[in-house]
Amino acid sequence: MARETNPAGSTNSFRGDVLRVLGVLKVATADQIQRIGAPHLNHRHTEKKTPSERKQARTASHTGALSDLRKHHLAENGGSTTTGETLRNLTPKGLEAASVELRRPAGEMGSTARGAGSSGASHPMAVNETVIALLRPKPDLDRMATDPPEVRAAAQAVIDTPPGIDTIGSYWTEVPLPATGTWSTPGRGGAQADAVLTAPQDGAPLLFIEVDNCHETAEELAAKLEKYARFFRRTVKDTDGRERPMWRTRWMASEDRYGETVHPPVLLVFNKLGERNPNRTIPRLQELTRHLWQGEWQREGYHLYDGKVPIVVVGLRNLRAHGPTGSVFFRFGRDRPQPLLEAIGNPRRDAADAREAEEGRVQQEEYRAQVRKAAQEQAAKKAVEATREAAQREARRPVCAGCGSRFTDARWEAAEETDWGRPVDTHPTLCDTCKHHALAAVGQPADAHRSHGLDHQAQGERDFWRYPNRPVCAECRTPFTDERWKAVNRTGWGPVRMERRPTLCGDCDQQYVTDIQQAGPGTTHQEPEQDQEQTLPEQKAGGTWLSRFRR
């Protein structure tokens, strides 16, 4: 059944290679498709005698996939190159299938490139070779498990070479850059990028590529770069209603942290086919486009490129030999070639920013060290002060006059407690033990003479009492018991009546009543009624209207 569907016997893997490569490049040969989609095949078929036989063998799988896709009307032949190789391109139906493979919107797939091979397609072939040189496809050793050791060793040698930039899915070709009109229907005055690379994970957020076969003059190339700059300056209203550069509505690129309007770089790749000499064209082009790329020198040792277009040039031969990591890329305004990522970037500014960040980090560390030192000194100072205050306090701590031991904190507080300048404690010069012995010697319970400062449990209950300190009987000078103290401390609020003789202890109060009763049968003692209401005088008739409320 599979043979009936795909008579050439192609697999899904090879058909997927064809769709992905032609979906990006639009037109390519089977050799280019194989070098991008299955580079491990480059190391096989070494037993073939001629290069043409080896090429035919290694491209046989993708040739079969192209044949099956052509049967399903997804691909078609599009002429031939100047060397006689057959060109392949996708049909509109094939572009839809490629959009699924590449996970791109169908509207961004571009045209089918029909008729590109009518004149040999020298320019599309140069663009394809530029993309392959930037990709530098690496063979997959997992797909070479059964190959001889020498084949795997050759593949490993390729793997060990400097890498390229991402995969075929990060490239676009024949991308319109409308200075007027829209993406789908660009107007006049715009340009068309031969290729666009977006690989932020590899350090190339956005790169426009222009390939020249040395047929154009410096003036023609300068006019094309002017169109690039015009497109970069164009702004449109974004979905949030704000004006943004048009290219930012399609491609993602980080904003400059210092507020510069940074335009994407343009890479010019010269392929020596025409009569023009790149060594003469490049200096002339550099002068014609100086206003587009020249930055402003800063005393910190770098240039600012606000509103400028970085222009980088390289030869296709050097690009093939060294790849994007080779120091073969010359940026206008610089005096030496650099690797691609350095050429499109601003390494001097990056170094200055790194120095500034390091200086800031050092200053921050120094400040934190100063703060820590100040905190330690303050803590040490507080510790010394606390030690000195503790020593001074210990020096002031009273000593018991009886046993010579120092007072505890609770005893010290109780001994110092006073009631309106008069000491409350009965033995302020004795510790608790000596005070207990002294009270026991005179026959008084120790609990009856506890100072107010030691009675912490009842402190909350006495906050609003009339006598916050234990009263002393006015007659016998004996301190009140707890029961008598609570009785005389009642404030009289509410229905509770106050004690009639609050200045006497319980014994003296009872003795007072007994003395009154024994004074004689005819002697009476009238106690004043404290809660008796006074009778208000009767209001006269004719008074104010408030009088009715006073009755």
Side-chain angles (χ1 to χ4, degrees), residues 2-3 6-25 27-70 75 81 83-88 101-102 125-171 199 201-202 316-326 328 339-340:
R3 176 65 68 174
N6 299 293
S10 63
T11 62
N12 291 336
S13 174
F14 289 116
R15 289 194 298 273
D17 290 342
V18 172
L19 290 175
R20 283 189 294 271
V21 174
L22 291 182
V24 173
L25 301 183
V27 59
T29 64
D31 173 66
Q32 291 172 336
I33 295 173
Q34 177 268 314
R35 287 156 58 196
I36 295 174
H40 66 283
L41 297 177
N42 295 340
H43 307 282
R44 291 178 178 174
H45 310 290
T46 56
E47 75 280 359
K48 303 297 181 181
K49 296 181 180 180
T50 64
S52 61
E53 291 179 351
R54 290 194 292 270
K55 177 186 288 188
Q56 183 178 1
R58 63 182 170 82
T59 60
S61 298
H62 289 93
T63 302
L66 285 164
S67 177
D68 289 336
L69 290 174
R70 189 168 60 252
T81 66
T83 59
E85 293 187 74
T86 303
L87 292 173
R88 317 296 181 122
E101 288 287 335
L102 294 170
M125 293 300 100
V127 173
N128 294 352
E129 292 300 323
T130 299
V131 172
I132 294 174
L134 290 171
L135 278 172
R136 294 179 73 84
K138 304 291 185 181
D140 186 1
L141 289 181
D142 292 338
R143 303 177 70 174
M144 304 178 68
T146 59
D147 287 309
E150 61 273 11
V151 175
R152 290 175 56 86
Q156 185 63 52
V158 175
I159 294 175
D160 294 337
T161 58
I165 299 179
D166 211 45
T167 64
I168 190 64
S170 296
Y171 294 80
Q201 68 278 4
D202 286 349
L316 181 56
R317 184 182 302 174
N318 287 331
L319 180 58
R320 281 174 173 169
H322 303 281
T325 60
V328 293
L340 177 60

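Worth saying up front: this structure is predicted, and the values here are computed from it rather than measured. Because only heavy atoms are used, hydrogens play no part in the values below, and waters and symmetry mates are left out as well, while side chains stay in.
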(message) Could you tell me if the side chain of Leu66 sits less than 4.5 Å from the side chain of Ile33, heavy atoms only?
(response) yes
(request) Specify the closest pair of heavy atoms between Met125 and Val27, including all atoms of both residues, with the distance to one decimal. (result) CE-O, 3.9 Å
(message) Is the shortest side-chain heavy-atom distance between Leu319 and Val328 below 4.5 Å?
(response) no
(message) Can you confirm whether Gln56 is buried at CD, in the sense that more than 12 heavy atoms of other residues, nucleotides or ligands lie under 6.0 Å from that atom?
(response) no
(request) Determine whether Asn6 and Arg15 make a side-chain contact, defined as any pair of heavy atoms from C-beta on separated by less than 4.5 Å. (result) yes
(message) Could you tell me if the side chain of Arg58 sits less than 4.5 Å from the side chain of Asp31, heavy atoms only?
(response) yes
(request) State the OG1-CG distance between Thr325 and Leu340, to the nearest 0.5 angstrom. (result) 9.5 Å
(request) Calculate, to the nearest 0.5 Å, the distance between atoms OG1 and CZ belonging to Thr167 and Arg20 respectively. (result) 9.0 Å
(request) Search all heavy atoms of Pro163 against all heavy atoms of Lys138 and return the closest pair with its distance. (result) CA-CE, 3.9 Å
(message) Can you tell me how far apart CD (Glu101) and CG (Asp17) are? Round to the nearest 0.5 Å.
(response) 9.0 Å
(request) First locate atom NE2 of His322, then atom OG1 of Thr161, and finally report the distance between them rounded to the nearest 0.5 Å. (result) 13.0 Å
(request) Among residues two or more places apart or on two chains, list those pairs meeting ring-ring contact (aromatic ring centres under 6.0 Å, His included) that have a residue in residues 30-63. (result) Phe14-His62
(request) Work out which heavy atom in Ala8 is nearest to a heavy atom in Gly64; give both atom names and the distance. (result) CB-O, 3.3 Å
(message) Would you compute the distance between atom OH of Tyr171 and atom CG of Asp166 and round it to the nearest 0.5 angstrom?
(response) 7.0 Å
(message) Less than 4.5 Å apart, side chain to side chain, heavy atoms only: is that true for Asn42 and Gln34?
(response) yes
(message) Pair Ile36, Val24 - check side chain to side chain contact (heavy atoms under 4.5 Å, CB included), show working.
(response) CA-CA 11 Å; Ile36 295 174; Val24 173; over 6 Å; no
(message) Show the nearest heavy-atom pair for residues Arg54 and Lys49, with the distance to one decimal.
(response) NH1-O, 3.6 Å
(request) Would you mind reporting whether Glu47 and Glu53 have side-chain heavy atoms less than 4.5 Å apart? (result) no
(request) State, to 0.1 Å, how close Ile165 and Ala199 come at their nearest heavy-atom pair, and which atoms those are. (result) CG2-CB, 3.7 Å
(message) When you compare the side chain of Leu22 with that of Leu69, does any pair of heavy atoms fall below 4.5 Å?
(response) no
(request) Report yes or no: do Ser13 and Thr11 form a side-chain donor-acceptor pair below 3.5 Å? (result) no
(request) Answer yes or no: is there a donor N or O on one side and an acceptor on the other, between the side chain of Lys48 and the main chain of Lys55, under 3.5 Å? (result) no
(message) Given 3.5 Å as the limit, does a donor-acceptor pair link the side chain of Asp147 with the main chain of Arg152, or not?
(response) no
(request) Could you grab the distance from atom CG of Asn318 to atom CZ of Arg320, nearest 0.5 Å is fine? (result) 11.5 Å
(request) Would you name the heavy atoms of Ile168 and Val21 that are closest together and state the gap between them? (result) CG1-CA, 4.5 Å
